[in-house]
Amino acid sequence: MTVRVRFAPSPTGQVHIGNIRTAIFNWLYVRHEGGKFLLRVEDTDRERSTPEALKTVIDALDWLGLDRDEEAMFQSARCDAHLEAAETLLSKGLAYKEDKGKTGKGECIIFRMPGDDMTYHDEVKGDLKKEGKDLKDFVIVRSDGSPVFHLANVIDDIEMNITLIMRGDDHVENTFRHIALYRALGAEIPQYAHLPMIVNAQGKPYSKRDGAAFIGEFRENGYMADALFNYLALLGWSPGGDRELLSRQEMIELFTLDRVRSASSQMDVKKLGFLNGLHLAEQPLNKFMEQVCEANDALEWMNQADPGMFRKVCELLQSRTKTYNQAAEWKYFFVDDIDYAEKAVRKVLKKEDRSGALELLASRMAQLDFSAENIEHAIRATEKEVELGEGKLNQPTRVAITGLATGAGVYETAALLGKERVVARLLYAARELCV
RNA sequence: GCGCCCAUCGUCUAUCGGUUUAGGACACCAGGUUUUCAUCCUGGUAAGCGGGGUUCGACUCCCCGUGGGCGCGCCA
C-alpha cells in the first residue's frame, strides 16, 4: 500500500511555524517513502475560515515548496458523510443520544468508549497506553447537528486513505479516541507520529509574543524559503552526525521518523539567521538578484535601479548578506541624495576632523583612472601626505561615500560608485559633515 | 486534582551499554587574516536535573523524586 499523509490546517489566520514544521515533516517523510502528500482544509469554523486565510495557507506551502499530490479536501463539504457515520454508529449501538443540558438545544450524539485499556505505538513517542477508566465517552455531533472535530477528522482521514497521521503532540490524548472511532467504524487504523512543540525561552509554546511566529513574517523579514525549511527541519529532527546545511534532496534522503526527537525544542532566530546567510551565499547570482528585488519591491529606488549596476552591486554584496531585507542599505549606489548614519558620521568623520584629508583625496580622485587599485593608491598617498597612519583614511572614505560604517571593500565600492559621485560625496563630507 | 509525555553545553543537537578527557553547530569570549568593512581562520568558556538500583561497565536500561510541557469542552 502506498504511503499517504496529510497536512490538515484550519485556515483561520496566519500560519504558525509550529504548524508549518508539522507540514515539513509530513512532506519530508512522504517524499522519502515515495508516497502522496495531501492537503485537507479543516474549514468547519465558517466564521473564521476565510478565503484570505486559505490563501495564506496555500501561499505558505507553495513558498516552501511543499507540493501536494492531489486536490485538497475541504472538510466543510463533508458534513453529510460525517453525519452519516454518526448514524451508523448510533444504529450499531456504538453511540447514543443524550441531552447533557449544556446548550438548551436538546440531544447531542455521544460516542461510547469501549472501556478497555488501550495501547498504541507512536512512531516518535514509542508505546503509549491509557487505562479504560481514563477514556471517557465524547460528543461526536453537537445538539445543533454539526459534527465535532474528532468525528470529522477520523472520517476524513479514512476517506483519504491516510496511512500515517503526523501532527502536534497536543493530540496524543485524542489519539485513543480516534483509534476507538476507527475500530467502531471497522476501518484500518493508521500509524501515528506526534511531534513535540516548538517552545520559547521559558519553555512555553512559541507564540507571536516571542518574536516572528508566522511564516509570512519570516518571508517579509527577508529569509529564504530554503533556509527556513532547513532550520525548521532541524528543530526536532537530526540526520545524525554533524550535518546541518542540507539541501532539500539531502533531507528527503535522510529523513526517517526514528530520528525525530520527542522532546520539545526552542526557537533560535540567530541560528536561523546564520543558516540563512549560508543559503543566501550559495545561490546563483541571478536567483539572488531576483529574490532581492522581490523582497524589496516596495523600495522605489530599487525598482528604478539600472539593471547592469544592480547586478554588479549584488555580486559585490551577496556573500555578506544575511537577509534579503538588508539590501535596503544599498541605496547609496543608486541615488544622489544619500542618507548618513548619524553614529558613523560622528565617530568616523567628526571625532577627528578629516576634512583636509578628504578634500585632498577628492582632488586626487578627480584625476584618476578610476579602478579599485588606483583608488587604493590614492588613499594611501593621501594618508602619507597628511601624515595619517596607513589605513586611517579607509573608514572616513567609506562613511563619506556610502553614509554607512559597513559595506563591501571600500576600494571596490568606490570604483563601482564612479568617479563623479565619489568626488562629490568626498567634497560634501569634507565641507559639511566633518565640522 | 487526575492522566500522559519530556529532561545532554545558554540554544539546536550527536551518542542507539564499552572506540568519549561526552562530539558538532549557533551564540559568546580571545587571538589572527583583511593596511578598510564583511567574511574567514585558530583557540577558549560551556552539558548528561537529583537520588537509588541493574550491570564487569550507564548519558544511554529500571524505580523514586524534582522541574517543565500537554491533555482532561456540545474548541480544533
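Proteins get letters first, then strands, A, B, ... in listed order; numbering begins at 1 in each. Values below: all heavy atoms of this structure, side chains included; hydrogens, waters and symmetry mates excluded.
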Notebook entry, point to check: Is A:Asp117 salt-bridged to A:Lys129, going by a charged N under 4.0 Å from an acidic O?
Noted result: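 No, this pair does not count.
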
Note to self: Just to verify, which of A:Asp45, A:Asn153, A:Asp156, A:Asp43 counts as forming a side chain to side chain donor-acceptor pair (under 3.5 Å) with A:Gln75?
What the structure shows: A:Asp156

Next item on the list: If a protein heavy atom is under 4.0 Å from the base, mark B; if only from the sugar-phosphate, S; if neither, -; do that for nucleotides 71-76 of chain B going 5' to 3'.
Entry: SS-BSB

Check: What string of B, S and - do you get for nucleotides 26-45 of chain B 5' to 3' if you count protein non-hydrogen atoms under 4.0 Å?
Finding: BS-------BBBB-------

Please check if the distance between the ring centroids of [X] and [Y] is under 6.0 Å.
X	Y	value
A:Tyr120	A:His178	no
A:Phe25	A:Phe255	yes
A:His171	A:Phe149	yes

Notebook entry, point to check: With a non-hydrogen cut-off below 4.0 angstrom, is A:Arg259 in contact with a base, only sugar-phosphate, or nothing?
Noted result: sugar-phosphate

Next item on the list: Remember a base hit wins even if backbone is also touched, and classify A:Pro205 as base, sugar-phosphate or nothing at under 4.0 Å, heavy atoms.
Entry: sugar-phosphate

Next item on the list: For A:Gln326 and A:Lys322, indicate whether the former's side chain and the latter's backbone hold a donor-acceptor pair under 3.5 Å.
Entry: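 Side chain of A:Gln326 to backbone of A:Lys322, a donor-acceptor pair under 3.5 Å: yes, one is there.
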
Checklist line | B:rC6 and B:rU13, which share atom name P, separated by this distance in whole Å | finding: 15 Å

Next item on the list: For the residue pair A:Trp301 and A:Phe334, categorise the inter-ring angle as parallel (less than 30°), tilted (30 to 60°) or perpendicular (more than 60°).
Entry: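 Parallel: the ring planes of A:Trp301 and A:Phe334 meet at under 30°.
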
Checklist line | Interatomic distance, A:Ile198 CD1 vs B:rC70 P [rounded to whole Å] | finding: 14 Å

